[in-house]
Amino acid sequence: MKIATWNVNSLRVRLPHVLDWLGANHPDVLALQETKLSDEQFPVEAFMAAGYQAVYSGQKTYNGVAILSRQPTRNVIHNVPGLQDDAQRRVLTATIADVRVLNVYVPNGAEVGSVKYAYKLGWLNKIAGYVREQLPRYEKFVMLGDFNVAPADMDVYDPKIWFEKILCSTPEREAIKRLRELGLVDLFRQFEQAEKSFSWWDYRAAAFRRNLGLRIDIILASPALAAVCSACRIDKTPRALERPSDHAPVVAEFMAGAQ
DNA sequence: ATGGTCGTCTAACGA
């Protein structure tokens with residue numbers, strides 16, 4: 001089984017890239033963030049033709065998450081306790097085969113100390129409460145998406161520049177640490193990885209060409225699922241295409257038994 | 001160099 005996450009920064013613009021990537025990689029599950037589409041505009045047919053079902057929680061212009069899967073999705077949840085009244089569509093939960101999937105688009109936070117930063121920390125706290133309550137119910141649980149947090153200095157091209165800046169501040173990193181303390185495992189760090197492995201590069205200043213990036217797209221798994229994970233990698237290929245998303249997909253593979 | 005680039009819509013704003 002192969003499970004992936006990708007912030008596409010507008011599914012309308014990136015649909016050709018996503019379809020090409022599905023064809024080349026045939027993941028069982030692909031969690032998307034920043035679709036920026038209302039539900040009526042979601043390209044269900046294009047994915048169906050590619051062999052994928054889709055569930056989605058969208059809004060116009062901003063945010064929007066979706067889960068694509070080869071097998072049917074069950075028990076789809078669009079809301080989280082404490083975030084029911086949040087108009088921002090940032091979370092989607094569904095079961096595929098025997099895996100409970102929680103797709104998140106964590107708020108960016110704009111700047112440390114801002115109103116958006118407070119919203120981000122509150123949002124992370126509520127999601128952690130949801131995970132604490134849900135995780136014991138599922139042996140195979142995966143929380144993945146754009147976390148908008150680089151968990152450690154090794155996930156940042158220049159930790160001095162980013163010291164206590166947004167995406168790297170101590171309270172944000174502690175929020176991620178708390179998720180790990182609930183038992184979730186950062187699959188990427190279970191394996192030997194190249195130094196300076198990142199999943200997001202700013203569009204500006206030729207950041208991708210210079211590999212000035214951060215690892216903010218993350219796949220966290222329950223212990224039972226982490227135990228059968230055989231690989232986790234970032235696929236930089238689509239970031240090098242014409243008119244790319246600013247994020248690259250992250251892919252985790254699981255040995256039979258997670259099928 | 002306190003900028004730079006995208007995507008949303010066509011003015012700023014969010015990332």
Side-chain angles (χ1 to χ4, degrees), chain A residues 5-21 30-43 46 56-66 83 86-92 103-124 127 144-151 155-169 171-173 175-176 198-218 234-250:
Chain A
T5 178
W6 194 3
N7 178 323
V8 292
N9 186 20
S10 170
L11 186 54
R12 183 181 287 113
V13 173
R14 233 64 68 191
L15 183 60
H17 287 188
V18 176
L19 291 171
D20 286 351
W21 194 82
L30 175 59
L32 301 174
Q33 303 86 36
E34 280 205 89
T35 56
K36 299 187 175 180
L37 291 174
S38 61
D39 289 346
E40 314 85 73
Q41 296 184 309
F42 196 90
Y56 35 88
S57 182
Q59 69 183 87
K60 187 173 152 24
T61 308
Y62 301 110
N63 310 311
V65 284
L83 292 169
D86 190 351
Q88 302 190 29
R89 310 320 297 165
R90 296 181 173 278
V91 59
L92 190 59
N103 178 17
V104 294
Y105 174 45
V106 175
N108 173 282
E111 202 177 323
V112 173
S114 67
V115 171
K116 286 176 182 168
Y117 183 74
Y119 168 69
K120 178 182 199 172
L121 294 181
W123 196 97
L124 282 165
I127 268 288
L144 76 176
D146 178 357
F147 282 70
N148 267 317
V149 180
D155 301 311
V156 182
Y157 70 90
D158 189 338
K160 283 179 185 149
I161 288 175
W162 286 82
F163 178 74
E164 294 299 338
K165 294 284 195 302
I166 197 68
L167 314 184
C168 298
S169 73
E172 292 169 86
R173 287 180 169 175
I176 303 304
F198 308 124
S199 68
W200 169 82
W201 302 261
D202 199 301
Y203 283 122
R204 294 167 288 189
F208 180 66
R209 182 178 57 72
R210 300 157 66 198
N211 197 32
L212 307 181
L214 275 65
R215 188 177 72 95
I216 58 175
D217 300 273
I218 298 168
I234 296 166
D235 183 6
K236 287 170 75 171
T237 317
R239 185 62 179 79
L241 297 173
E242 287 293 314
R243 231 185 161 189
S245 167
D246 45 352
H247 296 252
V250 185

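Convention: sequence-line order gives letters A, B, ...; per-chain numbering from 1. Only a predicted model underlies this, so the values are computations on that prediction, with no experimental measurement involved. We use all heavy atoms of the structure for the numbers below, so side chains are in, but hydrogens, waters and symmetry mates are not.
A/Asn108 has its CG atom 14 Å from the C1' atom of B/dC6, to the nearest Å. For A/Asp246 and B/dG4, the CG to P distance is 17 Å, given to the nearest whole Å. Rounded to whole Å, atom C1' of B/dG7 lies 12 Å from atom CG of A/Leu37. Between the C1' atom of B/dC6 and the NE2 atom of A/His247 lies a distance of 12 Å, rounded to the nearest Å. Protein atom OH of A/Tyr62 is 15 Å distant from nucleotide atom P of B/dG7, rounded to whole Å. In this structure, the CH2 atom of A/Trp162 is 10 Å from the C1' atom of B/dA15, given to the nearest Å. Atoms NZ (A/Lys165) and P (B/dT2) sit 15 Å apart, rounded to a whole Å. Here the P atom of nucleotide B/dG7 and the CD atom of A/Glu242 are 11 Å apart, to the nearest Å.
Rounded to whole Å, the separation between the C1' atoms of B/dG4 and B/dA15 comes to 14 Å. The gap from the P atom of B/dG7 to that of B/dG3 amounts to 23 Å, rounded to the nearest Å.
For the pair A/Arg243 and B/dG7, the criterion of a side-chain N or O lying under 4.0 Å from OP1 or OP2 is met. For A/Lys60 and B/dT8, the shortest distance from a side-chain N or O to OP1 or OP2 is not below 4.0 Å.
In terms of position on DNA chain B, the residue among A/Pro244 and A/Asn63 whose nearest nucleotide sits closer to the 5' end is A/Pro244.
Scanning residues 199-211 of chain A for heavy-atom distances under 4.0 Å to DNA chain B yields A/Tyr203, A/Arg204. For the segment residues 9-16 of chain A, residues with any heavy atom less than 4.0 angstrom from an atom of DNA chain B are, sorted by number, A/Asn9, A/Ser10, A/Arg12, A/Val13, A/Arg14.
Listed by chain and number, the residues in a side chain to side chain donor-acceptor pair (under 3.5 Å) with A/Arg239 amount to none (sequence neighbours excluded). Residues satisfying the salt bridge (charged side-chain N to carboxylate O under 4.0 Å, His left out) test with A/Arg89, not counting sequence neighbours, are none. Residues meeting the salt bridge (charged side-chain N to carboxylate O under 4.0 Å, His left out) test with A/Asp20, sequence neighbours left out: none. In terms of the side-chain contact (heavy atoms from CB on, under 4.5 Å) criterion, residue partners of A/Ala205 (sequence neighbours excluded) are, by chain and number, A/Arg210. By the side chain to side chain donor-acceptor pair (under 3.5 Å) test, A/Thr5 pairs with A/Gln33, sequence neighbours left out. Applying the side-chain contact (heavy atoms from CB on, under 4.5 Å) rule to A/Leu241 yields the partners A/His17, A/Pro238; only residues at least two apart in sequence or on another chain are considered.
Between the side chains of A/Asp146 and A/Trp200, no donor-acceptor pair of N or O atoms lies under 3.5 Å. In this model, a donor atom of one side chain and an acceptor atom of the other lie less than 3.5 Å apart for A/Tyr105 and A/Glu34.
For residues 108-118 of chain A, every residue pair satisfying the side chain to side chain donor-acceptor pair (under 3.5 Å) rule, not counting sequence neighbours, is listed here: A/Tyr117-A/Ser169.
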